[in-house]
Enquirer: 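First the structure, which I've put down as structure tokens, then a few questions once you've had a look.
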Amino acid sequence: GYEGETISFNAQTSDVSDDTVTVTWSFPDGSMIEGDFVQYKFTDDGEFGVVVTASDEDGGDSSEQILVTVENVAPIFTEFVMPSNGQKGEALDFNVGASDPGDDTITYSFDFGDGTSSLITPDGGNITHKFTDSGSFTIVICVKDEDGGETCREQVLPVISVEFPVALANDID
């Protein structure tokens, strides 16, 4: 299965016809659920042991351990707000958010495509950037979880240079 996904478990038991069989499932977080058919959500990736025990009212019981492999899932963007264009030297706001179906810490990385160092932030994806040149820049923003899952988006951002007219001042009497 995958982290954040509900996985179903089913037990088939048999005993003498006069006995009632109770099935109990023990999960890695210490929770125990009774029933032939149960569901459980694994909140992180890894290998986990699940124990299923069948018991009857006469004290007879039988247990089995099942090894469940849960795969990591990459975080996904929940917000992606970028300017559609900008001006050279202007402070531009970039606001992105992400969620991860597992119990993972997310980091954000920003590559503005302008030769500046990539910015990595664990505190969220809201930052401001100024472009010192005009041109068309390919911006790549990635979200990555601690288990290596990564999702990236890129967008081209045109940045223009605004020339201010120079006024000639004459002495006016």
Side-chain angles (χ1 to χ4, degrees), residues 1-11 24-35 37-52 64-164:
Y2 297 96
E3 64 182 1
E5 175 182 69
T6 300
I7 298 175
S8 300
F9 297 88
N10 189 30
T24 306
W25 299 84
S26 300
F27 291 97
D29 66 357
S31 64
M32 298 178 75
I33 304 173
E34 256 187 39
F37 176 81
V38 298
Q39 294 182 318
Y40 183 80
K41 183 185 286 188
F42 291 87
T43 58
D44 207 2
D45 60 297
E47 291 188 345
F48 303 96
V50 175
V51 177
V52 58
E64 276 193 45
Q65 181 166 351
I66 303 165
L67 184 62
V68 178
T69 301
V70 179
E71 300 293 328
N72 185 50
V73 176
I76 58 170
F77 286 102
T78 56
E79 179 182 19
F80 198 86
V81 180
M82 291 183 47
S84 58
N85 57 46
Q87 294 179 5
K88 177 179 164 182
E90 174 186 22
L92 300 174
D93 293 325
F94 297 84
N95 301 307
V96 296
S99 67
D100 190 273
D103 188 21
D104 295 329
T105 301
I106 298 173
T107 57
Y108 298 81
S109 68
F110 295 82
D111 181 346
F112 293 102
D114 61 355
T116 59
S117 297
S118 293
L119 177 65
I120 298 174
T121 173
D123 299 330
N126 300 322
I127 66 167
T128 301
H129 184 74
K130 290 182 182 181
F131 290 87
T132 58
D133 291 318
S134 58
S136 186
F137 300 96
T138 300
I139 298 162
V140 180
I141 301 174
C142 298
V143 289
K144 187 174 184 177
D145 68 23
E146 65 204 46
D147 298 317
E150 182 176 47
T151 301
C152 296
R153 284 185 65 179
E154 66 179 55
Q155 184 169 322
V156 176
L157 178 71
V159 175
I160 61 171
S161 179
V162 177
E163 299 295 330
F164 295 104

Enquirer: Determine whether F80 and R153 make a side-chain contact, defined as any pair of heavy atoms from C-beta on separated by less than 4.5 Å.
Expert: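 In contact.
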
Enquirer: Holding to side-chain contact (heavy atoms from CB on, under 4.5 Å), I want the full list of residues that pass it with S109, two or more places apart in sequence or in another chain.
Expert: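 Testing S109 for side-chain contact (heavy atoms from CB on, under 4.5 Å), a comparison that skips the adjacent residues, returns I120, C142.
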
Enquirer: Considering only distance and modelled atom types, tabulate donor-acceptor pairs under 3.5 Å from the side chains of residues 124-131, sequence neighbours left out.
Expert:
unit_1: T128; atom_1: OG1; unit_2: D93; atom_2: OD1; d: 2.8
unit_1: H129; atom_1: NE2; unit_2: D114; atom_2: OD2; d: 2.8

Enquirer: Any chance you could measure S161, atom OG, to K88, atom NZ, to the nearest 0.5 Å?
Expert: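 Here the rounded value is 4.5 Å.
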
Enquirer: Just so I know, are the side chains of D100 and E3 near enough to count as touching, which here means a heavy-atom distance under 4.5 Å?
Expert: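 With C-beta onward as the side chain, the pair touches.
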
Enquirer: Drop me the distance from F48's CZ to F42's CZ, to the nearest 0.5 angstrom.
Expert: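 It comes to 6.5 Å.
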
Enquirer: Throw together a table of side-chain donor-acceptor distances under 3.5 angstrom for residues 27-34, partners on residues two or more places apart or in other chains.
Expert:
unit_1: D29; atom_1: OD1; unit_2: S31; atom_2: N; d: 2.9
unit_1: D29; atom_1: OD1; unit_2: S31; atom_2: OG; d: 2.7
unit_1: D29; atom_1: OD1; unit_2: Y40; atom_2: OH; d: 3.4
unit_1: D29; atom_1: OD2; unit_2: Y40; atom_2: OH; d: 3.1

Enquirer: We want to know whether Q39 and T6 form a side-chain donor-acceptor pair, criterion being a heavy-atom distance below 3.5 angstrom.
Expert: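 Side-chain D/A pair, Q39 to T6: absent.
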
Enquirer: Ignoring hydrogens, what is the shortest heavy-atom contact between S118 and D111? Give both atom names and the distance.
Expert: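 Minimum heavy-atom separation between S118 and D111: OG-CB, 3.7 Å.
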
Enquirer: Going from CD1 on I160 to OG on S136, what distance comes out if it is rounded to the nearest 0.5 angstrom?
Expert: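 Nearest 0.5 Å value for the CD1-OG distance: 12.5 Å.
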
Enquirer: Side-chain atoms of residues 68-79: list all donor-acceptor pairs with protein atoms under 3.5 Å, sequence neighbours left out, distances to 0.1 Å.
Expert:
unit_1: N72; atom_1: ND2; unit_2: D145; atom_2: OD1; d: 3.3
unit_1: N72; atom_1: ND2; unit_2: D145; atom_2: OD2; d: 3.1
unit_1: T78; atom_1: OG1; unit_2: G97; atom_2: O; d: 3.4
unit_1: T78; atom_1: OG1; unit_2: A98; atom_2: N; d: 3.4

Enquirer: Would you list the pairs meeting ring pair (Phe, Tyr, Trp, His ring centres under 6.0 Å) in which at least one residue belongs to residues 87-106, sequence neighbours left out?
Expert: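 Ring pair (Phe, Tyr, Trp, His ring centres under 6.0 Å) check on residues 87-106 returns F94-F112.
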
Enquirer: Please check if the side chain of W25 supplies one atom and the backbone of V51 the other of a donor-acceptor pair under 3.5 Å.
Expert: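 Checked: no pair found.
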
Enquirer: Taking the side chain as C-beta and beyond, is there a heavy-atom pair between I139 and F110 under 4.5 Å?
Expert: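 No, too far: nothing below the 4.5 Å cut-off.
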
Enquirer: State, to 0.1 Å, how close V81 and V96 come at their nearest heavy-atom pair, and which atoms those are.
Expert: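 Of all heavy-atom pairs spanning V81 and V96, the closest is N-CG1, 4.5 Å.
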
Enquirer: Can you find a heavy atom in the side chain of P83 that is under 4.5 Å from one in the side chain of L157?
Expert: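 A side-chain contact under 4.5 Å exists here.
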
Enquirer: Say whether, by atom type as modelled, one donor and one acceptor occur between the side chain of Q65 and the main chain of V50 under 3.5 angstrom.
Expert: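 No: the side chain of Q65 does not pair with the backbone of V50.
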
Enquirer: Applying ring pair (Phe, Tyr, Trp, His ring centres under 6.0 Å), name anything that partners Y2, two or more places apart in sequence or on another chain.
Expert: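 Applying ring pair (Phe, Tyr, Trp, His ring centres under 6.0 Å) to Y2 gives none.
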
Enquirer: Indicate the atoms forming the closest heavy-atom contact of P158 with S84, along with that distance.
Expert: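 What the structure gives for the nearest pair is CD-O, 3.4 Å.
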
Enquirer: Once rounded to the nearest 0.5 Å, what's the spacing between atom CG of D104 and atom NZ of K144?
Expert: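 The CG atom of D104 sits 12.0 Å away from the NZ atom of K144.
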
Enquirer: What is the distance from atom CD of E146 to atom CG of D103, rounded to the nearest 0.5 Å?
Expert: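 Reported value, rounded in 0.5 Å steps: 7.5 Å.
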
